[in-house]
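Here is the structure we will look at.
Keep in mind that the numbers below use all heavy atoms, side chains included, and drop hydrogens, waters and symmetry copies. Below, chain A is the first sequence line, B the second, and so on; all start at residue 1.
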There are 2 protein chains.
Amino acid sequence: MTKNMEPTTTVQRLPMYHRCLQKLNTEGVEIVSSKELGEKVGVPATQVRKDLSYYGEFGQRGVGYQVSLLLKHLRKILGLEKEWKIVLVGVGHLGQALIKYQGFRNLGLNIDYAVDIDPQKVSTQVAGVEIKAMSELEQIITKEEIEIGIIAAPAQVAQEIADKLVAGGIKAIWNFAPRYIEVPYEVKLVNEDLSVGLIGLTYHLAES
Amino acid sequence: MTKNMEPTTTVQRLPMYHRCLQKLNTEGVEIVSSKELGEKVGVPATQVRKDLSYYGEFGQRGVGYQVSLLLKHLRKILGLEKEWKIVLVGVGHLGQALIKYQGFRNLGLNIDYAVDIDPQKVSTQVAGVEIKAMSELEQIITKEEIEIGIIAAPAQVAQEIADKLVAGGIKAIWNFAPRYIEVPYEVKLVNEDLSVGLIGLTYHLAES
DNA sequence: TTATATCTGTTAATTAAATAACAAAGTTCA
DNA sequence: TGAACTTTGTTATTTAATTAACAGATATAA
C-alpha cells in the first residue's frame, strides 16, 4: 500500500492558488472558502480541497481557510521560502525578457546569473545582471552553487548547453528551446515550448 | 454512444510530433516508425500511434510513416495551412520578444499587429510591426478580421484587454498575464503563466 | 438551546488518459 | 514460396485524475 501521491495536475494548480491568495492577502481579505478560491482560479471547490489535502489540513470546517496562513503554507510547499540561485543561458530577446520579467521578482525568484556565447554581449549588463562567457558556465554553477538553469538559446545548441549545466552540477533545468533534450534522471526538467500554446489556438480554430 | 474524442494531452503532443517531423524532413529522412518518432520526442510508440489514430490512418503496416506525408497531415490538423491574423497587446519586454520570436515564424505564424497603451511607443516599430494605440484595438480587429489576440500586458489590465478583444470579435486569446480571465464560451482561451514552469522546479527541489 | 446553514477533509464513484495486447498488413530472406 | 520479422491501427486493460457524496465541525439565528 503506497501513499497517495499528488497528481502532476495538482502541482500545476498550486501556483494559481498561491497567486490568488497573494492578491487576497494584499486586499486584506482574511478568510476564503474553497468555493470562492475555486471560482477565482476557474477550478471546482472540490478540486481545491482535494489538491490541498495532499499536503495537510489547512482549513477550518464551517469557516474556510485563513488567507495569510494558507499562503504561508503554500509558499513552503512550493519552495518559495528558500533563496534559489538561477542562471540563464542565452541572452537573446527571450532571455532578456525573462531577466526583466516582474512576475518572477514578485515570487522572490531572481535571475542573478547569465551567460551568452556572443563575445559582444559578454561583460555588458541586462537589468543589473552581468553577462558572462559561455566558457565560464560550468565553473560558475559549481562555484556559486547554482541550482536552476534556464535555457533560452536556439534549439541547435540546447542539448550541448544542457550537458554543460549538468556537468556543472545543476539540479533543475527550464528549457525554452523547442526541442526534446535529455538529462540524467536526478535532474528535474521542465520544457516550455511557446509554440505549443499558439498552435493550441490554431488547432481549435481550424477544426471549428 | 458519442464518438471517441481526442484527449487534450494528445493535442499538446501533436506540435512536438510536427516539430520533429519538420526536422526529419529537412534532413531528408523519408520513413519514420512510431517507435523512432516516440523516442525523439520522449513518448512511447503506442502513444504516438494512439494520438495519430484520432485523426485518421497515416501510416503503412510493416513500414511506418512517410515523413513528408505525415507532416502535411499534421500541418492540416494543427491549422497551420491557413494564414492567421494575430494581434499582440502590450509591447513590453515580453511582447517584443514574442514579436521577434523565430519559432512562430518557422510555423508560418506571424504577429503582424501590435498595440500598446504608452503614447511614446505608438507609431514606432518593432521588427517591422507598427505599434498602434490601444484605443484603436477593437476597430483594428474588426476591420482586419483578426482571429487571434495575445495579451502580454500587466495582470491589472488583462481582463479589460480581453473584453476589448472580445468586443472586436476575436476568436481566440493567448494570455500571458498571470491572472484568470473570463471570456465567452465561444472564444478559445489558452493561459500561459510563465511562473508556473519555474515554480514547478522550485517545488520539486524543495521536496527532495 | 436547537434547528439550519456553511464548509472542510476524505472516501466512493466516475471519467479521462495511458499502456498493453494483438490481429492485420507488409517486408525480407532463405 | 513461405517462414520469421516489422509495424500499424484498434480493442482491452490498467492507471491517473476528477467529480460526487457525505460525515464531522463550526457558525448563525430563532
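Within the nucleic acid shown, A:Thr46 comes within 4.0 Å of at least one base atom, counting heavy atoms only. As judged by a 4.0 angstrom heavy-atom cut-off over every strand, A:Lys35 is placed among residues making no nucleic acid contact.
Rounded to whole Å, atom P of D:dT7 lies 13 Å from atom CG of B:Leu37. In this entry the distance linking CD of B:Gln47 with C1' of D:dT8 reads 15 Å, nearest Å. Rounded to a whole Å, the CD atom of A:Glu36 is 14 Å from the C1' atom of C:dT8. Separating the CD atom of A:Gln12 from the P atom of D:dA16 is a distance of 16 Å, rounded to the nearest angstrom. Between A:Asn4 atom CG and D:dT15 atom P the separation is 15 Å, expressed in whole Å. Distance NZ (B:Lys50) to C1' (C:dA21): 13 Å, rounded to an integer number of Å. A:Arg61 has its CZ atom 6 Å from the P atom of D:dA25, to the nearest Å. Counting to the nearest Å, the P atom of C:dA18 and the CG atom of B:Asp51 are 7 Å from each other.
Nearest to the side-chain atoms of B:Pro7 among the listed nucleotides D:dT8, C:dG9, C:dA17 stands C:dA17. With D:dT18, D:dT8, C:dG26 as the choices, the nucleotide that has an atom nearest any side-chain atom of B:Gln60 turns out to be C:dG26. Closest contact between the side chain of A:Thr9 and the listed nucleotides D:dT8, D:dG9, D:dA17 involves D:dA17.
From B:Arg49, atom CZ reaches atom OG of B:Ser33 across 9.0 Å, with rounding to the nearest 0.5 Å. Taking CG of A:Leu80 as the reference point, atom NZ of A:Lys82 lies at 12.0 Å (rounded to 0.5 Å).
Ring geometry for A:Phe104 against A:Trp174 counts as perpendicular: the plane angle is over 60°, on a 0 to 90° scale with 30° as the lower cut. Between A:His73 and A:Phe58, the two ring planes are tilted [angle within 30° to 60°].
Taking for each of A:Thr8 and A:Val63 the nucleotide of DNA chain D with the nearest heavy atom, the 5'-most of the two is the partner of A:Thr8.
The residue from B:Arg75, B:Lys76, B:Lys72 that alone fulfils the salt bridge (charged side-chain N to carboxylate O under 4.0 Å, His left out) condition with B:Glu81 is B:Arg75.
In terms of phosphate contacts, A:Arg13 brings a side-chain nitrogen or oxygen within less than 4.0 Å of OP1 or OP2 of D:dT18. Between A:Tyr65 and the phosphate of C:dG9, there is a side-chain N or O to OP1/OP2 separation shorter than 4.0 Å.
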